[in-house]
Amino acid sequence: STSRVTSSSNASSTSSSTSTLVNDRLTFARDVYEHNTRTMLAVMNDVCKGRDATSLALDPVIANGLVRTCGVAGLKRAGVKTFYALEPGGEIPDTDESDGVVFMCRPQLDVMKTIAEHVKGLRDVRERALRARAAAVSKASKAASSLLTRVTSSRGRGGDEANDEASVEVKPLPKMTVVCVPRVEEMCKDALRDFHVLEYVELVACDVNLIPFEPDLLTLEYPEAYAEVVTEDYEASVYYVASALHKLQRDITGLAHVVKGKGDIAHKCAQLMLEMRKGGQIDEPEHVEPGVDGDSLVDMIVLLDRDVDMVTPLCTQLTYEGLIDEILGVEKGAVAIPQRAFDDGDVKAGYDDDQPIDVYVRARAHKAGKIAMRPKLNNTDALFHEIRDMNFGRACNVIRDKSTAIKEDYAAIKGGKVEDQHVSEIGGFVKKIKANIGGAGLDLHATLAKYLIDCTKKIWFQNRLECERLCVEGQELNKVMDFIEVMIYRGDEAVPCLRMICLACICFGGLPTKMYEKTFSDLFNAFGMQICLKLLALEHAGLFVDKEQAKTKARGFSSVRKPLKLVADDVDGSEAPKDITFAYSSSGYAPLSCRLVEGATRGPWRSVAPNNTGEDVLKTLPGQLFEYTQTFDDYGFAVNTKASYREFDKRRAKSAPLDGRDELWPKPTVLVFFIGGVTHAEIACLRHLAQTKHCGCNFVIASTKVFNGDTLIDTCGEDVERLQRREREV
């Protein structure tokens with residue numbers, strides 16, 4: 001049986017100890033960070049051992065998370081001297097003097113092809129040097145065989161130069177290692193063998209799974225997870241999610257009492273977690289259950305397939321951080337702010353008039369022209385931390401109020417005499433200025449907000465929000481399709497058009513046959529035959545279908561709209577909204593995924609809908625519905641039993657504040673895992689729910705990737721740019 005590691009503090013500990021315990025339950029992401037750091041540095045120290053200098057080529061998809069894990073300084077201490085991006089077509093330069101090269105990447109076939117290009121490039125450089133040296137040796141030997149050449153060489157310099165070239169030593173091929181995160185797959189070995197480079201490299205696993213980006217946000221950095229499942233029927237993400245959750249419970253948090261979820265992939269993950277628990281009792285370390293009286297740091301795990309709720313990512317996010325991601329795009333924790341945002345006058349939201357438009361079947365967050373700066377957006381910026389999860393309109397009010405307050409303080413300081421002012425008044429103003437300098441700064445956020453406001457005032461943006469409102473309400477399909485037709489023929493890019501089409505198909509249960517055929521014809525005429533690859537993938541995923549095709553994979557959105565109260569009659573625009581509709585204020589839409597999580601914390605699934613009809617309502621959504629308790633049988637073997645919420649409800653009742661005071665006992669923690677990706681707006685909604693009294697629990701969000709609707713559609717199927725690149729490679 002599994003031993004239980006209890007906390008050293010007992011039930012009669014002081015309130016300060018309890019407060020520390022509350023913080024520990026909320027910030028176990030720190031333990032994940034430290035665990036990942038130790039793992040990654042151990043691998044790098046082992047790989048770099050015995051080498052004078054090592055070059056590290058990082059997969060751009062996971063580079064930000066891995067560098068965030070141990071830092072550039074930590075990698076340099078491990079022996080890394082030079083950093084490169086592991087990208088197609090790129091090569092490690094000839095001038096690189098490293099005697100070791102490490103490729104750190106995900107175990108993906110396209111990445112293996114890129115690694116093969118780099119390995120062949122290094123091999124070809126050495127072969128060219130060997131051929132040059134062989135030619136020099138041959139030239140020197142021929143010169144030495146001639147008596148005249150020997151006489152000449154004794155008087156001149158020609159022979160010396162030939163001998164010098166022949167004596168040049170060719171450095172051996174650097175030792176190359178492929179570090180796969182989190183594991184080495186057989187298909188990677190097979191791919192490298194097919195590319196004839198396996199003999200030159202060594203494959204090593206780096207067991208880093210979930211990467212903390214915020215204290216309450218963990219990601220696998222696996223952007224293709226959804227597309228692989230729904231368009232390719234490739235379910236590798238099932239293993240990665242199950243393995244990440246299994247190791248999180250085994251090494252850090254302890255065993256979660258309740259596991260529940262919705263979706264076929266989520267159900268497979270839950271089953272695989274049980275198999276891993278059974279196998280772990282044989283050949284893995286024992287589980288630990290830290291916390292108060294041996295309780296786990298996570299009380300409940302909720303697994304949700306992205307395919308269960310595809311409406312939410314396809315709608316436009318209207319939180320401050322979400323709107324930044326929609327219009328400018330947040331990549332690697334930073335936003336690219338265009339120079340035009342700092343120029344006077346209105347912003348031209350769209351394409352440059354003086355540049356030709358290249359219509360590619362891919363997502364571009366915004367064609368903004370020259371980039372002025374790329375500031376980081378995270379909680380180290382105090383102002384961004386305050387407004388990131390607010391509705392955009394409310395966030396603008398906060399920025400305006402802070403700007404006005406600083407201007408008034410400055411006017412008061414400037415208007416008075418220095419000798420008449422108290423030192424504390426001047427010091428207080430200086431502190432405000434210093435606070436403004438920290439992070440991105442108030443001025444930058446004010447400029448960014450103005451740029452976003454100018455974009456949202458454009459008629460195309462307003463029409464887009466109106467169509468989304470009609471879709472979630474299930475009204476006026478003809479009006480929605482008329483707007484989509486205008487989008488297609490006015491020169492919009494393919495991905496935003498496909499995004500709106502998919503939203504209409506889901507909300508209205510597919511398109512009528514004639515409307516479906518006309519839409520297909522319009523897309524083909526506007527974007528050419530390349531769009532067929534996208535449409536084929538979306539059709540396979542059930543996102544672009546007619547009424548008949550939709551019956552084979554019912555989305556059920558119209559069936560749950562009313563029971564789960566997904567559309568509010570009026571949006572709460574107050575400073576402290578009571579409902580999660582603030583994230584999609586234009587349509588009054590409450591994210592289906594967040595409604596499911598909110599209902600999951602109340603108890604069994606039947607309590608999600610009125611009159612305990614939750615199970616019947618949720619059956620209309622795609623995928624299986626499940627809930628159970630993780631425990632051990634009488635013989636100490638891992639089993640799943642009928643879900644029991646007694647311990648969860650007991651902790652929630654114990655943490656409830658009395659007489660308006662702060663809670664003295666930690667609230668239950670719910671780990672919500674979005675398999676396929678999560679949006680910034682959904683994260684904001686869950687953070688808002690955690691602050692409400694009726695919820696009574698804290699949320700830690702985990703996902704395969706944080707994305708928006710454009711990037712989601714972009715990963716489904718091929719696009720013309722990737723095809724053109726492959727043609728050039730061939």
Side-chain angles (χ1 to χ4, degrees), residues 27 29-49 51 53-88 90 92-93 96 98 100-108 110-111 114-115 118 176-184 204-224 240 244 321 325 329-336 371 373-381 384 439-440 702-707 711:
T27 59
R30 178 187 60 233
D31 299 328
V32 179
Y33 172 85
E34 294 174 353
H35 179 271
N36 291 347
T37 300
R38 291 193 299 269
T39 302
M40 186 172 174
L41 290 181
V43 171
M44 292 304 299
N45 285 326
D46 185 59
V47 169
C48 298
K49 186 183 299 183
R51 306 182 188 180
T54 302
S55 296
L56 177 61
L58 281 168
D59 184 355
V61 175
I62 58 173
N64 183 50
L66 294 180
V67 172
R68 182 191 292 260
T69 297
C70 59
V72 175
L75 291 172
K76 288 186 175 181
R77 286 194 297 270
V80 177
K81 301 299 181 183
T82 314
F83 295 85
Y84 298 101
L86 185 57
E87 296 177 339
I92 297 177
D96 189 276
S98 302
V101 177
V102 177
F103 304 100
M104 186 166 286
C105 62
R106 302 164 300 147
Q108 299 283 335
D110 56 340
V111 182
T114 302
I115 291 175
H118 285 262
M176 290 176 281
T177 306
V178 178
V179 178
C180 293
V181 181
R183 67 167 183 165
V184 177
V204 177
C206 180
D207 194 14
V208 172
N209 294 277
L210 290 169
I211 300 175
F213 276 76
E214 303 287 351
D216 61 346
L217 178 61
L218 312 169
T219 78
L220 285 178
E221 291 300 281
Y222 193 169
E224 302 90 355
Y240 290 121
E321 185 176 18
D325 191 25
V330 177
E331 296 183 2
K332 301 177 182 178
V335 56
I371 301 301
M373 58 192 310
R374 297 179 184 270
K376 291 285 186 180
L377 296 180
N378 51 48
N379 285 346
T380 58
D381 180 354
F384 180 72
S703 178
T704 51
K705 183 65 177 179
V706 180
F707 60 7
T711 52

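- Residues passing the ring-ring contact (aromatic ring centres under 6.0 Å, His included) test with F707: none are found, sequence neighbours excluded.
- Evaluation of the salt bridge (Lys or Arg N to Asp or Glu O under 4.0 Å) rule for R51 yields no partner, not counting sequence neighbours.
- Interatomic distance, CD1 of I115 versus CE of M176, reported as 11.0 Å (0.5 Å rounding).
- The side chain to side chain contact (heavy atoms under 4.5 Å, CB included) search around T704 returns L220, Y222, A225, V241, F673, not counting sequence neighbours.
- Under the side chain to side chain contact (heavy atoms under 4.5 Å, CB included) criterion, A78 pairs with M44, N45, not counting sequence neighbours.
- Counting heavy-atom neighbours within 6.0 Å of R183 CZ, excluding the residue itself, gives a total above 12.
- Taking the side chain as every heavy atom from C-beta outward, T37 and C70 approach each other to under 4.5 Å.
- At least one side-chain heavy atom of F83 sits less than 4.5 Å from a side-chain heavy atom of L75.
- For the pair V43/V179, a side-chain contact is recorded, criterion being any heavy-atom separation below 4.5 Å from C-beta on.
- The nearest pair of heavy atoms linking S98 to T82 is OG-OG1, 4.5 Å.
- To the nearest 0.5 Å, atom CG of residue L210 and atom CD of residue E221 are 10.5 Å apart.
- Here Y33 pairs with nothing under the ring-ring contact (aromatic ring centres under 6.0 Å, His included) rule; sequence neighbours left out.
- When side chains are defined from C-beta on, V706 counts as touching L217, because their heavy atoms get closer than 4.5 Å.
- Across all their heavy atoms, H118 and A85 have their closest contact at CE1-O, 4.5 Å.
- To the nearest 0.5 angstrom, T711 atom OG1 is 6.5 Å from D325 atom CG.
- Here N36 contributes atom CG and D31 contributes atom CG; the two are 11.0 Å apart, rounded to the nearest 0.5 Å.
- Here the CD atom belonging to E34 is positioned 11.5 Å from the OG1 atom belonging to T39, to the nearest 0.5 angstrom.
- Atom CG of L56 is separated from atom CZ of F103 by 10.0 Å, given to the nearest 0.5 angstrom.
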Please test L58 against V67 for side chain to side chain contact (heavy atoms under 4.5 Å, CB included), starting from the C-alpha separation and ending with a verdict. CA-CA 9 Å; L58 281 168; V67 172; 3.8 Å; yes
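- Side-chain contact between L218 and P212 is present, with heavy atoms from C-beta onward closer than 4.5 Å.
- No side-chain heavy atom of T219 sits under 4.5 Å from any side-chain heavy atom of K705.
- For the pair V335 and P375, the minimum side-chain heavy-atom distance is below 4.5 Å.
- Here salt bridge (Lys or Arg N to Asp or Glu O under 4.0 Å) pairs that include residues 204-214, with residues two or more places apart or in two chains, are D207-K247, E214-R388.
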Go through it in stages, so that I can follow the logic: the residues are F384 and K376, the test is side chain to side chain contact (heavy atoms under 4.5 Å, CB included), and I'd like the CA-CA distance, side-chain angles, deciding distance and then a yes or no. CA-CA 10 Å; F384 180 72; K376 291 285 186 180; over 6 Å; no
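- Side-chain contact check for S703 versus F213: every heavy-atom pair is 4.5 Å or farther apart.
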